[in-house]
Participant: 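First the structure, which I've put down as structure tokens, then a few questions once you've had a look.
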Amino acid sequence: MQDWQLIAEQIGATRGRAFTPSEPRGVGGGCINQAIVLADGETSYFVKLNRADLLDMFEAEAAGLTEMAATGTIRVPLPLCTGLAGPARSFIAMEHVTLGGHVGGDLAAAGRGLAAMHRVCQACFGWERANTIGSTPQSNNPSPDWTEFWRRERLGPQLALAARNGFRGRLQQRGERLLDAFPALIDHAPAASLLHGDLWGGNIGFDAARRPVIFDPAVYYGDREADVAMTELFGGFGAPFYDAYNQAWPLDAGYRTRKTLYNLYHILNHLNLFGGGYLGQAEDMIDRLLAQLH
């Protein structure tokens, strides 16, 4: 029996009625996972596959999607099940939402929806489980102190991983200075908001009714500005998005500096995932942040 047939059996068992799809259709799933759509003419599911030892990654993704969906603020694909498809493959199956691009999508609704999701808060920063950012492990050990959380769970681990990957020298020297000094850059007291965690332009689309849909999360509770900052990292979401977000919940003074600090995490992660093409950008961001402290 092929992998997709084993997945179809588990989908059927989870939903309580048989699911007999036709041959799978391959779709773009990013650079981390293989992705297919399974459809039986009535219902279709979006399925991501990877190595069997990465099942925890898919289980964390399902938990994150469930947590965001429970807020009722912005649409996410509803997860159905995770599991193993034979000895070598793990998977996550979820609602298949047909998506269009940003053109014609309701960007203002996306801004309002994200602000509403960020209003969902808890007492501590972090989350109940670890997950991944891309394919990089992301620890979410809770802390009542946002500055300590960002140092211990975000920048510190990425700099340590960069050193293990051979990126030493100036990056580490300047990075260590930043780890010691950056609490002065976080000069506000953020709430522990529910975050998507990996909200760049490739992780948002719009359904047939033009409603925003966000997916591929790296969920945790943190400063909402970390989500907003990442939306600006690779081209931005457009003025209607930011205008609507700020009308719903204005960003605090000092966001422009904190934006660089929060996006440094993602650039360091890209350095660790994809190589030295991101080294100069990471070093430049650290230099700009250290310059703010003089």
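FYI, side chains are in, hydrogens and waters are out, and symmetry mates aren't considered; it's all heavy atoms of this structure.
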Participant: Out of curiosity, Gln292 CD to Asp287 CG, how far, rounded to the nearest 0.5 Å?
Facilitator: 12.0 Å
Participant: When you compare the side chain of Arg154 with that of Phe149, does any pair of heavy atoms fall below 4.5 Å?
Facilitator: yes
Participant: Quick one: pull up CD in Glu59 and OG in Ser90 and give me the separation to the nearest 0.5 Å.
Facilitator: 9.0 Å
Participant: Do Trp146 and Tyr255 belong together in a cluster built from hydrophobic side chains that touch within less than 4.5 Å?
Facilitator: yes
Participant: Determine whether Glu95 and Val97 satisfy the following criterion, side-chain contact (heavy atoms from CB on, under 4.5 Å), listing intermediate values before the conclusion.
Facilitator: CA-CA 6 Å; Glu95 173 188 17; Val97 183; 3.8 Å; yes
Participant: Will you find, in the side chains of Tyr265 and Gln138, an N or O donor that is under 3.5 Å from an N or O acceptor?
Facilitator: yes
Participant: After noting the C-alpha distance and the side-chain angles of Tyr45 and Arg15, does the key distance pass the side chain to side chain donor-acceptor pair (under 3.5 Å) rule?
Facilitator: CA-CA 12 Å; Tyr45 296 96; Arg15 70 181 195 169; 3.1 Å; yes
Participant: Is there a donor-acceptor pair closer than 3.5 Å between any side-chain N or O of Asn203 and the backbone N or O of Leu199?
Facilitator: no
Participant: Can you give me the closest heavy-atom contact between Ile267 and Met285, atom names plus distance?
Facilitator: CG1-SD, 3.6 Å
Participant: With rounding to the nearest 0.5 angstrom, report the CG to CG distance, Asn165 to Leu271.
Facilitator: 7.5 Å
Participant: Report yes or no: is the cationic atom of Arg151 (NZ for Lys, CZ for Arg) under 6.0 Å from the centre of the six-membered ring of Phe182, at an angle within 45° of the ring normal?
Facilitator: yes
Participant: If Ile, Leu, Val, Met, Phe, Trp and Tyr residues are connected whenever their side-chain heavy atoms lie under 4.5 Å apart, and connections chain through other members, are Met94 and Leu99 in the same group?
Facilitator: no
Participant: Are the side chains of His266 and Trp200 in contact, using a 4.5 Å heavy-atom criterion?
Facilitator: no
Participant: Side chains of Asp145 and Ser143: do they bring a donor and an acceptor to under 3.5 Å?
Facilitator: no
Participant: Pair up each side-chain donor or acceptor in residues 105-123 with any protein partner under 3.5 Å, not counting sequence neighbours, and list the distances.
Facilitator:
{"residue": "Asp106", "atom": "OD1", "partner": "Ala108", "partner atom": "N", "Å": "3.4"}
{"residue": "Asp106", "atom": "OD1", "partner": "Ala109", "partner atom": "N", "Å": "3.0"}
{"residue": "His118", "atom": "ND1", "partner": "Tyr245", "partner atom": "OH", "Å": "2.8"}
{"residue": "His118", "atom": "NE2", "partner": "Asp227", "partner atom": "OD2", "Å": "2.9"}
{"residue": "Arg119", "atom": "NH2", "partner": "Ala248", "partner atom": "O", "Å": "3.2"}
{"residue": "Gln122", "atom": "NE2", "partner": "Cys124", "partner atom": "O", "Å": "2.8"}

Participant: Side chains of Thr98 and His96, heavy atoms from C-beta outward: is any pair under 4.5 Å?
Facilitator: yes
Participant: Which heavy atom of Ile36 sits nearest a heavy atom of Pro24, and at what distance?
Facilitator: CD1-CB, 3.9 Å
Participant: Strictly below 4.0 Å, N to O, side chains only: are Glu232 and Lys259 in salt-bridge contact?
Facilitator: yes
Participant: Spell out, yes or no, whether Met57 and Leu49 are grouped together once hydrophobic residues are joined by side-chain heavy atoms under 4.5 Å, including indirect joins.
Facilitator: no
Participant: Measure the shortest side-chain to side-chain distance between Leu194 and Arg224 over non-hydrogen atoms and say whether it is less than 4.5 angstrom.
Facilitator: no
Participant: Centre-to-centre under 6.0 Å for Tyr278 and His270, is that the case here?
Facilitator: yes
Participant: For the CD1 atom of Ile133 and the CG atom of Asn272, what is their distance to the nearest 0.5 Å?
Facilitator: 12.0 Å
Participant: Which atom names give the shortest non-hydrogen contact between Leu293 and Ala184, and what distance separates them?
Facilitator: CD2-CB, 3.8 Å
Participant: Please tell me whether Phe215 and Phe46 form a close aromatic pair, meaning their ring centres lie under 6.0 Å apart.
Facilitator: no
Participant: In the structure I gave you, are the side-chain heavy atoms of Asn263 and Met230 within less than 4.5 Å of one another anywhere?
Facilitator: yes
Participant: Any link between Tyr262 and Leu161 through a network of hydrophobic side chains (Ile, Leu, Val, Met, Phe, Trp, Tyr) touching at under 4.5 Å?
Facilitator: no
Participant: Donor-acceptor pairs are to be reported for all side-chain atoms of residues 77-85 against protein atoms at under 3.5 Å, with residues two or more places apart or in another chain.
Facilitator:
none

Participant: So if I apply the side-chain contact (heavy atoms from CB on, under 4.5 Å) rule between Val47 and each of Asp3, Ile92, Leu38, which one comes out positive?
Facilitator: Leu38
Participant: Please report the C-alpha distance between Glu61 and Asn131 in whole Å, then the side-chain angles of each, then the deciding distance to 0.1 Å, and finally whether the side chain to side chain donor-acceptor pair (under 3.5 Å) criterion is met.
Facilitator: CA-CA 7 Å; Glu61 179 177 354; Asn131 51 15; over 6 Å; no
Participant: If you group Ile, Leu, Val, Met, Phe, Trp and Tyr by side-chain heavy-atom gaps below 4.5 Å, do Phe58 and Trp4 land in one group?
Facilitator: no
Participant: Start with the C-alpha gap between Lys48 and Gln34, add the side-chain angles, then the distance that decides, and say whether side-chain contact (heavy atoms from CB on, under 4.5 Å) holds.
Facilitator: CA-CA 6 Å; Lys48 295 197 290 188; Gln34 179 190 359; over 6 Å; no
Participant: Using every non-hydrogen atom in the two residues, find where Ala162 and Leu171 come nearest and quote the distance to one decimal.
Facilitator: CB-CD2, 4.0 Å
Participant: Indicate the atoms forming the closest heavy-atom contact of Pro217 with Leu65, along with that distance.
Facilitator: CD-CD2, 3.8 Å
Participant: Contact between His188 and Arg258 at the side-chain level, heavy atoms closer than 4.5 Å - yes or no?
Facilitator: yes
Participant: Using a 3.5 Å distance criterion without hydrogens, assess whether the side chain of Asp284 forms a donor-acceptor pair with backbone atoms of Gly280.
Facilitator: no
Participant: Between Ile204 and Val213, is the side-chain contact (heavy atoms from CB on, under 4.5 Å) condition met? List the steps.
Facilitator: CA-CA 6 Å; Ile204 183 172; Val213 185; over 6 Å; no
Participant: Counting C-beta onward and ignoring hydrogens, is there a side-chain heavy-atom pair between Val219 and Trp127 closer than 4.5 Å?
Facilitator: yes
Participant: Do the side chain of Ser193 and the main chain of Leu195 share a donor and acceptor less than 3.5 angstrom apart?
Facilitator: no
Participant: Does the Thr257 side chain pair with the main chain of Gly254, one donor and one acceptor, at a distance under 3.5 Å?
Facilitator: no
Participant: Tell me whether Asp223 contacts the main-chain N or O of Ala226 through its side chain, where contact means a donor paired with an acceptor under 3.5 Å.
Facilitator: no
Participant: Are side-chain heavy atoms of Asn141 and Glu153 found at a separation under 4.5 Å?
Facilitator: yes
Participant: Could you state the interatomic distance from CG (Leu55) to CG (Asn50), rounded to the nearest 0.5 Å?
Facilitator: 10.5 Å
Participant: Nearest 0.5 Å please: distance from the CG atom of Leu233 over to the CG atom of Asp198.
Facilitator: 10.0 Å
Participant: I'd like to know whether Glu67 forms a side-chain contact (heavy atoms from CB on, under 4.5 Å) with Tyr221, so could you lay out the CA-CA distance, the side-chain angles of the two residues, the decisive distance to 0.1 Å, and finally the verdict.
Facilitator: CA-CA 11 Å; Glu67 189 136 346; Tyr221 285 79; 2.6 Å; yes
Participant: Which atom names give the shortest non-hydrogen contact between Thr136 and Leu273, and what distance separates them?
Facilitator: OG1-CD2, 3.4 Å
Participant: For Arg256, is there an ion pair with Glu225 - N to carboxylate O distance below 4.0 angstrom?
Facilitator: no
Participant: For the ring pair Phe125 and Trp150, is the centre-to-centre distance below 6.0 Å?
Facilitator: no
